[in-house]
Asker: 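One structure follows; several queries about it will come next.
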Amino acid sequence: MVKKPEAELDTLATPADEMQGSLKALAEAVAKETSREAAEDSDLPELNTPEQIEDFALQDDYALNPQYIELVIDAADRNDGMRLRELLDALHPADVADLMGFLSEDYREQVIPWIPADALADILSELDEGIREEVVETLRPVDLAEVLQELDSDDAAAVFEDMEADQQKAVLAAMDPEDREAMVTSLAFEEETAGRLMQREVVAAPDFWDVGHTIEHMRAHGDDLPELFFDVYVISPTHKPVGAVPVSLLMRSPRATPLSAIMEPITEIEVGMDQEEVAYIFEKYHLISAPVVDAGGRLVGQITVDDIVNIIQEENREDILALAGVSDDEGRDSSVFDVVRSRLPWLCVNLLTAFMASSLISVFSNEIEKLVALAVLMPMVASIGGNSGTQALTVSVRALSSRELTTANALRTVWREVRVGWFNGSVIAAILGVVAGLVFSSPMLGITIALAVMINLTAAALAGTLVPLTLSKLDRDPAAASPIFVTMVTDCVGFFSFLGLAAIILL
């Protein structure tokens with residue numbers, strides 16, 4: 001069959017085709033006119049170009065403008081799909097993902113159909129897990145398969161694992177055989193390991209190639225290259241990486257230069273390595289990318305720095321939330337029941353430790369009845385100790401996560417924190433002792449509370465460092481459990497030391 005020129009094909013259009021095209025153009029014109037009239041009738045600005053939309057949507061701190069969100073909601077209320085597409089197409093996928101967090105579930109269902117598959121692929125990988133699960137449930141398996149095939153293997157695996165088992169089977173069935181095999185292989189690795197984190201798309205060249213051969217090969221197979229890569233990995237005949245050539249160096253080198261002459265040393269990542277260990281290696285050696293190898297040392301993928309940034313932020317967020325006894329699962333769309341379920345267990349544990357502190361107070365009930373000032377000053381000792389313990393704990397947890405605190409320097413760190421507790425305690429004890437002595441006209445009471453503060457701040461320094469160290473040695477998360485135990489120590493020691501010294505010195 002001879003292919004006709006495009007001009008000739010245009011002349012063969014039927015009246016029905018022409019009418020359909022005219023109706024489509026008329027519908028688009030009506031939609032734009034309706035959108036324009038709606039904007040004029042409201043306080044919202046009229047934005048006609050992508051540049052105007054982008055400039056208006058983002059504030060100086062790159063946060064979404066609340067009025068832009070109102071524009072999206074307004075278009076959704078009017079079922080103006082063309083306007084929704086205009087508003088969404090102008091933004092970066094990360095900003096659209098941020099927008100989804102500000103919209104209710106009903107509005108998200110209206111917005112998602114107007115996002116093209118290639119753009120939706122980038123947006124899905126940026127969404128919070130809870131919202132992503134919800135969005136994925138609204139898509140057909142065929143559409144999901146198309147979206148996943150647009151993503152790098154690591155991002156595709158992250159989206160795929162959020163699906164229900166039945167949906168996963170349907171999506172796999174709709175995929176091309178090659179993409180289906182890659183997906184199954186990625187999911188075979190354990191969660192939070194380098195194998196799950198890596199992307200299988202990688203650029204590799206034999207060690208006997210030169211620069212010219214490598215560049216020509218990359219140009220000839222441009223469609224098969226990763227969307228983002230920084231290094232060309234040089235491999236041996238057994239497919240083991242022996243070095244890497246940065247793309248910037250490759251483009252600057254003469255074509256006849258052998259890759260083996262310009263390749264740089266590499267830091268290999270084992271496929272089963274924990275993602276926290278991977279992040280630590282990237283941070284320590286200032287890596288941009290690193291090859292991932294299997295048990296036999298063969299190249300199976302690569303990890304790039306953009307994935308590591310996400311891991312570092314995720315781990316830091318988990319530690320911060322754990323210090324407050326809050327689950328990482330809590331998000332903007334979490335229900336009241338989910339939030340209560342994540343927080344209540346830690347509050348119950350805290351209640352038990354509070355009972356322990358209260359039982360200590362009851363032992364000294366007679367002393368408190370004789371000297372009411374003890375009841376007034378007692379909470380101050382525990383509060384100051386609690387704050388000091390939190391300071392030491394926060395520093396220790398951060399040092400543990402960044403590998404700055406190990407068994408090699410544990411004693412030195414503990415001794416430093418104890419000395420800090422002594423110095424801070426001396427200042428606070430002097431101030432509190434003088435004030436208490438003057439207010440209650442009892443110098444001995446001032447001395448008593450000063451000594452109690454010194455003892456409690458010393459205990460706080462010890463607990464703030466030793467508790468997370470001990471939990472880390474027991475393979476427990478120091479950020480999650482440490483605050484409860486440190487608070488228990490500072491409360492108990494604070495009450496016991498103050499009331500005990502009062503019983504000895506004052507009564």
Side-chain angles (χ1 to χ4, degrees), residues 267 273-287 308 311-325 349 353 357 381-433 449-498 500-501:
T267 302
M273 185 179 293
D274 185 85
Q275 64 180 20
E276 285 192 56
E277 188 76 18
V278 177
Y280 174 72
I281 291 174
F282 264 74
E283 186 177 8
K284 181 176 182 178
Y285 296 109
H286 309 290
L287 302 179
I308 297 303
I311 295 302
I312 293 174
Q313 290 181 337
E314 178 184 327
E315 297 296 338
N316 287 340
R317 183 175 64 249
E318 286 181 0
D319 287 343
I320 291 172
L321 293 174
L323 280 171
V349 174
T353 60
V381 179
S383 176
I384 294 170
N387 288 333
S388 179
T390 299
Q391 291 174 341
L393 173 62
T394 304
V395 172
S396 298
V397 169
R398 186 200 64 80
L400 282 169
S401 63
S402 61
R403 314 295 173 87
E404 295 176 8
L405 177 57
T406 64
T407 53
N409 64 347
L411 288 177
R412 186 169 69 252
T413 302
V414 172
W415 176 233
R416 183 197 65 187
E417 289 297 329
V418 169
R419 284 182 293 166
V420 169
W422 285 345
F423 284 120
N424 289 339
S426 299
V427 175
I428 298 299
I431 296 173
L432 186 55
I449 195 171
L451 291 174
V453 167
M454 288 291 297
I455 293 172
N456 202 22
L457 263 64
T458 303
L462 288 170
T465 49
L466 291 179
V467 168
L469 271 171
T470 303
L471 290 172
S472 179
K473 280 297 180 182
L474 296 174
D475 292 328
R476 296 289 185 269
D477 184 3
S482 295
I484 301 295
F485 294 111
V486 172
T487 301
M488 180 187 69
V489 169
T490 55
D491 284 350
C492 292
V493 172
F495 293 145
F496 186 79
S497 60
F498 181 52
L501 287 171

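Throughout, residue positions are numbered sequentially from 1 according to the sequence presented.
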Asker: How close do Leu432 and Ile384 get, counting heavy atoms only, and between which atoms?
Answerer: CD2-CD1, 4.2 Å
Asker: Taking the side chain as every heavy atom from C-beta outward, state whether Ile281 and Thr267 have any pair of such atoms under 4.5 Å apart.
Answerer: yes
Asker: Any chance CG of Leu474 has more than 12 other-residue heavy atoms, nucleotides or ligands included, within less than 6.0 Å?
Answerer: yes
Asker: Grab the two heavy atoms, one from Ser497 and one from Ile455, that are nearest each other, plus how far apart they are.
Answerer: CB-CG2, 4.0 Å
Asker: Counting only heavy atoms not in Phe496, do more than 12 fall under 6.0 Å of its CZ?
Answerer: no
Asker: Minimum heavy-atom separation for Gly433 and Ala450, please, with both atom names.
Answerer: CA-CB, 4.5 Å
Asker: How long is the straight-line distance from OG1 of Thr490 back to CZ of Phe485, given to the nearest 0.5 Å?
Answerer: 13.0 Å
Asker: Is there a side-chain contact between Trp422 and Leu457, using heavy atoms and a 4.5 Å cut-off?
Answerer: no
Asker: Can you see which heavy atom on Ser482 is nearest to which on Leu471, and at what distance?
Answerer: OG-CD1, 3.3 Å
Asker: Can you tell if the side chain of Ser396 reaches within under 4.5 Å of the side chain of Leu405, non-hydrogen atoms only?
Answerer: yes
Asker: Say you draw a straight line from CD1 of Ile428 to CG of Asn387; how long is it, rounded to the nearest 0.5 Å?
Answerer: 10.0 Å
Asker: Under 4.5 Å between any side-chain heavy atoms of Val486 and Thr390, yes or no?
Answerer: no
Asker: Heavy-atom count around Glu277 CD within 6.0 Å, excluding the residue itself: above 12?
Answerer: yes
Asker: So which heavy atom on Ala279 is nearest to which on Ile312, and how close?
Answerer: CB-CG1, 3.9 Å
Asker: Any non-hydrogen side-chain atom of Val420 less than 4.5 Å from a side-chain atom of Gln391?
Answerer: no
Asker: Can you measure from OG (Ser388) to CG (Leu393) and round to the nearest 0.5 angstrom?
Answerer: 11.0 Å
Asker: If you round to the nearest 0.5 Å, how far is CD of Glu417 from CG of Asn424?
Answerer: 9.5 Å
Asker: Taking all heavy atoms of Val397 and all of Pro468, pick out the closest pair and write down the distance.
Answerer: CG2-CB, 4.3 Å
Asker: Checking Val381 against Phe495 for the side-chain contact (heavy atoms from CB on, under 4.5 Å) test, could you report, in this order, the C-alpha distance in whole Å, the side-chain angles of both residues, the deciding distance, and whether it holds?
Answerer: CA-CA 7 Å; Val381 179; Phe495 293 145; over 6 Å; no
